[in-house]
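Below is the structure I would like to discuss, written out as structure tokens.
No experiment lies behind these values; they were computed from the predicted model shown. Here is how names work: the chains are called A, B, and so on, in the same order as the sequence lines, proteins then strands, and each is numbered from 1.
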Amino acid sequence: MSERDRFEHLIRWYPASWRARYGEELTTLLHDTHGTAKVPLGVQFSLARRGSIERARAFGLFGNSLDGPNLTRAGSLLVLWGWALFMVAGAMVAKFGEHWESAVPATHRSLPRVAFGVVQLAGGLGGFIVVIAAAISLPGFLELLRAGRWPEIRRPVLRSMATGVIASIATVAILIWSHHLSPHQRNGGFFFHGLIFVLWGLTIVIALFMATAAAAAVAHQTSLSRRVLRLLGTMATALTVLMLGVAVGTIIWWTVLAHYAPRFLGSGLLATSNVLPLPLVAAVFLMFAGLTVASVGTIRIAQSVALKHSSLDG
Amino acid sequence: MARRTALPAHLSVRSNDPSVLILTSLVSGSKHGWALTKDIEEFSGVALGPGTLYGAITRLEERGLIEPLPVEERRRPYRISAHGRAALTEAIREMRTLADTGEQRLGLRTLARSVGGGSRVLGSMP
């Protein structure tokens with residue numbers, strides 16, 4: 001590793017946009033200060049901490065360095081990240097909740113049915129909103145490509161495509177394999193299938209997060225009009241409300257099942273408790289993590305609206 | 001509680017605040033990162049790490065308190081802007097008010113005057 005590479009490696013914590021502006025100056029300062037000597041651990045930790053702070057600011061998590069439109073963009077992207085966590089959680093709940101109705105006495109099915117219906121409806125509407133938002137942003141993406149700025153987004157997009165292809169191949173493979181297994185083997189009766197299923201789930205999660213990272217990288221570079229950004233901000237806010245609906249619906253459904261069908265919750269892969277099965281605990285934890293991130297994003301969108309109004313007042 | 005000060009939100013009245021130190025250093029002329037670090041260490045005894053320095057430079061530039069100059073051999077000098085000068089003046093006034101109030105309440109001002117040289121002579125007292 002050359003001297004320059006060594007210092008560039010140390011500032012990898014900073015976001016790409018920051019490095020493009022200050023990276024060379026900072027690596028030169030590190031070179032001037034430390035030369036060929038080892039950079040002290042304290043300085044390395046400080047760079048990691050400061051770089052992470054800059055990254056969080058670029059994400060719009062905090063700070064007031066972004067102007068109105070960029071704050072809307074950052075807020076909307078935070079909601080998208082929250083949605084990615086929700087998709088993982090939703091898939092876990094959907095898999096875990098398969099055939100739940102047969103486990104609950106008919107007289108007590110109406111409330112969990114409504115709750116599960118809300119989860120499915122809100123999840124579907126949320127997915128629809130994300131697809132529409134992607135379609136709205138598509139012209140900006142094409143404009144980016146026409147402007148020859150592909151190199152700026154190449155890495156995250158290629159990474160996303162590669163993980164997407166791997167996840168697709170894994171999905172087809174596990175579907176074909178599962179087709180040759182009995183229902184009992186498919187639902188936790190065959191440990192090796194369960195293990196492969198978990199690994200397949202991981203490839204899906206990785207592909208999902210790579211896709212979100214690619215979307216965020218593209219969105220950061222895409223030039224969008226204020227009107228489009230406002231529309232995306234409104235859609236992101238609606239998405240957060242839907243996430244709240246999914247979380248509340250899941251908890252109601254879970255509570256009813258814990259009361260009337262605890263054996264159902266205690267069966268299946270990784271489910272070791274009749275009331276607090278690990279997959280559901282993990283799913284709800286992910287939901288609340290996603291909801292927190294999305295709520296911060298929604299607050300940032302609201303702040304961008306307030307900023308616009310205050311600038312108009314001024 | 002709302003700030004009573006007229007200072008920009010990121011400038012504090014702490015004399016070791018990186019933003020205040022950078023602005024103070026740039027008053028004597030434009031400097032790049034390395035020169036800023038050395039100057040600040042010399043006049044204040046504070047050794048700013050590279051991450052801290054560039055975190056403060058980023059915020060100061062975003063708010064128009066400093067201005068970047070063309071790069072010279074991979075080093076970019078910065079200079080203080082008129083807005084930065086005004087913000088530093090305000091910060092120093094606030095520090096002075098705080099120092100005066102502290103001296104007064106501790107009875108140091110009377111003591112200093114009695115030895116005949118204003119508050120600055122306190123530095124040479126045992």
Query raised in the report: Is it the backbone or the side chain of A:Glu25 that comes under 4.5 Å from a heavy atom of chain B, or both, or neither?
Result: both
Report task. Using atom types as modelled and distance alone, determine if a side-chain donor or acceptor of A:Arg55 lies under 3.5 Å from a backbone N or O of A:Trp13. Result -> yes
Query raised in the report: Given the options A:Arg49, A:Arg21, A:Glu54, which has more heavy-atom pairs under 4.5 Å with chain B than any of the others?
Result: A:Arg21
Report task. Please tell me if the side chains of A:Phe86 and A:Met287 come closer than 4.5 Å, counting only heavy atoms from C-beta onward. Result -> yes
Query - chain A contact via B:Thr52 - side chain, backbone, both or neither, heavy atoms under 4.5 Å - result: both
Query raised in the report: Does a side-chain N-to-carboxylate-O contact under 4.0 Å join B:Glu62 and B:Arg59?
Result: yes
Query raised in the report: For A:Leu30, is it the side chain, the backbone, both or neither that has a heavy atom under 4.5 Å from a heavy atom of chain B?
Result: side chain
Report task. Measure the shortest side-chain to side-chain distance between A:Leu26 and A:Trp18 over non-hydrogen atoms and say whether it is less than 4.5 angstrom. Result -> yes
